[in-house]
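Shown next, in structure tokens, is the structure this report addresses.
All figures in this text were calculated on a predicted structure; none of them were measured in a lab. No hydrogens, no waters, no symmetry mates; every other heavy atom, side chains included, goes into these values.
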Amino acid sequence: LLVTVARDDLLDSWRARVPADAPNRFVINIQPDQRAAFAAFFTERDLAAPRLEPMVRGRLVAVNSQPRQPADYADDRAQRLMDREFTLSWATRVPDGNAVIAGRWHGDSREPQFSVEQGLAETLGLKLGDTLRFDIGGVQTDARITSLRKVDWGSMRANFFVMYPVSQMKDVPVTYMSAFRAPGTRGFDNALVRAFPNITNVDMTATITQVQGVLDKVIRAVEFLFGFTLA
């Protein structure tokens, strides 16, 4: 009985990592004035309009007023992170698939502040209370880290390393992104690109299918092992 319970919990956990209805499209570069039309594109086809996430590009240039460069880090991953721009977002609520593990999510605040993903904080040696400076479109913004988050990267949602837990960000060049599951309707992707030629539509179907295929093989192997054990 114990083996059976363990088997069910294990398999349910694996299947939940990449559910059958996981988003298989990521769309970026949706402009602010296209949000209503983008939602209407789905509702006209009797589909639920996907959630749009604001995003801006910014480079981390200083920590606690001390300039930071890739060469300041010995870890290869830390150097790569510091050598590129981050995709930043903001929200008043903690996103799905995220859990605040330290500090507080001040979603109703109007003051700039940062919420940092736990793994990124460990890689770059960041902690609660540190002040980060990001260069966003030539404008530098300083704010403290007020929360650390654990992110479920396997959720196939739009997730971010760094977020502003505030209601809005003013005077920044914002675009929007979305993750959704495309219907099996023939020509859906072509119609979407024709309606919004400026967007980038990334098809993740092959990747998700491959991951689910590997999980199915592992699940069958585990089921055989458990069956053999019970026998």
- Could you check Asn198 against Gln34 for side chain to side chain contact (heavy atoms under 4.5 Å, CB included), going step by step and ending with a plain yes or no? CA-CA 10 Å; Asn198 59 291; Gln34 292 179 316; 2.8 Å; yes
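- Taking the salt bridge (Lys or Arg N to Asp or Glu O under 4.0 Å) definition, one finds that Asp130 meets it with Lys127, sequence neighbours left out.
- When all heavy atoms of Phe160 and Met163 are compared, the closest pair comes out as CB-CG, 3.9 Å.
- To the nearest 0.5 Å, the span separating CD1 on Ile30 from CZ on Phe38 amounts to 4.0 Å.
- Under the 4.5 Å side-chain heavy-atom criterion for Ile, Leu, Val, Met, Phe, Trp and Tyr, Leu128 and Leu126 are members of the same hydrophobic cluster.
- For Pro173 against Val56, the heavy-atom pair with the smallest separation is O-CG1, 3.8 Å.
- Of the charged side-chain nitrogens involved, none lies within less than 4.0 Å of a carboxylate oxygen, so that Asp189 and Arg186 do not count as a salt-bridged pair.
- When the shell of 6.0 Å around CZ of Arg84 is examined, it contains more than 12 heavy atoms from other residues, nucleotides or ligands.
- Side-chain rings of Phe180 and Phe42 approach one another, their centers coming within less than 6.0 Å.
- Looking at Asn201, its side chain never comes within 3.5 Å of a backbone N or O of Val27 through a donor-acceptor pair.
- Here the straight-line distance linking atom CG of Leu60 with atom CD of Glu85 works out to 11.5 Å at 0.5 Å rounding.
- Note that CG of Asn159 is 12.0 Å distant from OG1 of Thr87, once rounded to the nearest 0.5 Å.
- With a 4.5 Å cut-off on side-chain heavy atoms, Met82 and Tyr73 count as touching.
- Met55 is not listed as a side-chain neighbour of Val174, based on a closest heavy-atom distance of 4.5 Å or more.
- Put simply, the side chain of Val162 reaches to within 4.5 Å of the side chain of Phe134, judged on heavy atoms.
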- Message: side chain to side chain contact (heavy atoms under 4.5 Å, CB included), that's the test. Do Tyr176 and Glu53 meet it? Break it down for me.
- Response: CA-CA 5 Å; Tyr176 290 83; Glu53 305 290 349; 5.9 Å; no
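- A distance of 3.5 Å separates CG in Asp203 from CZ in Arg25, rounded to the nearest 0.5 Å.
- Contact between Arg68 and Leu124 at its shortest, heavy atoms only, is NH1-O, 4.2 Å.
- Proximity of Ile101 to Gln118: side-chain heavy atoms (C-beta onward) are separated by under 4.5 Å at one or more points.
- Counting only N and O atoms by type, the side chains of Arg51 and Ser178 include no donor and acceptor under 3.5 Å apart.
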- For the pair Thr131 and Val63, evaluate side chain to side chain contact (heavy atoms under 4.5 Å, CB included) and give the outcome as yes or no after the intermediate values. CA-CA 6 Å; Thr131 298; Val63 178; over 6 Å; no
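- Of all heavy-atom pairs between Ala182 and Asn24, the closest is N-OD1, 2.8 Å.
- Note on residues 136-148: pairs passing side chain to side chain donor-acceptor pair (under 3.5 Å), not counting sequence neighbours, are Gln113-Thr146, Ser115-Ser147, Arg133-Asp142.
- The hydrophobic clustering, which links ILVMFWY residues whose side-chain heavy atoms are closer than 4.5 Å, places Phe224 and Val218 apart.
- A distance of 15.0 Å separates CZ of Arg220 from CG of Leu225, quoted to the nearest 0.5 Å.
- In this structure, Val166 and Pro112 have side chains that are not in contact, with every pair of non-hydrogen atoms separated by 4.5 Å or more.
- With sequence neighbours left out, Tyr164 forms a ring-ring contact (aromatic ring centres under 6.0 Å, His included) with Phe114.
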- Task: Please report the C-alpha distance between Asp152 and Asp96 in whole Å, then the side-chain angles of each, then the deciding distance to 0.1 Å, and finally whether the side chain to side chain contact (heavy atoms under 4.5 Å, CB included) criterion is met.
- Result: CA-CA 9 Å; Asp152 180 11; Asp96 295 336; over 6 Å; no
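- Side-chain atoms of Ile145 and Leu132, non-hydrogen and from C-beta on, do get closer than 4.5 Å to each other.
- Contact check for Thr175 versus Ile28: no side-chain heavy atoms found under the 4.5 Å cut-off.
- Distance OG1/Thr200 to CE/Met177: 10.5 Å, rounded to 0.5 Å.
- Asn190 places no side-chain N or O within 3.5 Å of a backbone atom of Phe188 that could act as its donor or acceptor partner.
- The shortest heavy-atom contact between Ile136 and Gly58 is CG1-CA, 4.0 Å.
- When side chains are defined from C-beta on, Pro165 does not count as touching Trp90, because their heavy atoms never get closer than 4.5 Å.
- Using a 4.0 Å cut-off between charged nitrogen and carboxylate oxygen, Glu117 and Arg149 do not count as a salt-bridge pair.
- Geometrically, Arg194 does not engage Phe196 in a cation-pi contact defined by less than 6.0 Å to the ring centre and at most 45° from the axis.
- In this structure, Gln31 and Asn29 approach most closely via the heavy-atom pair NE2-OD1, 3.1 Å.
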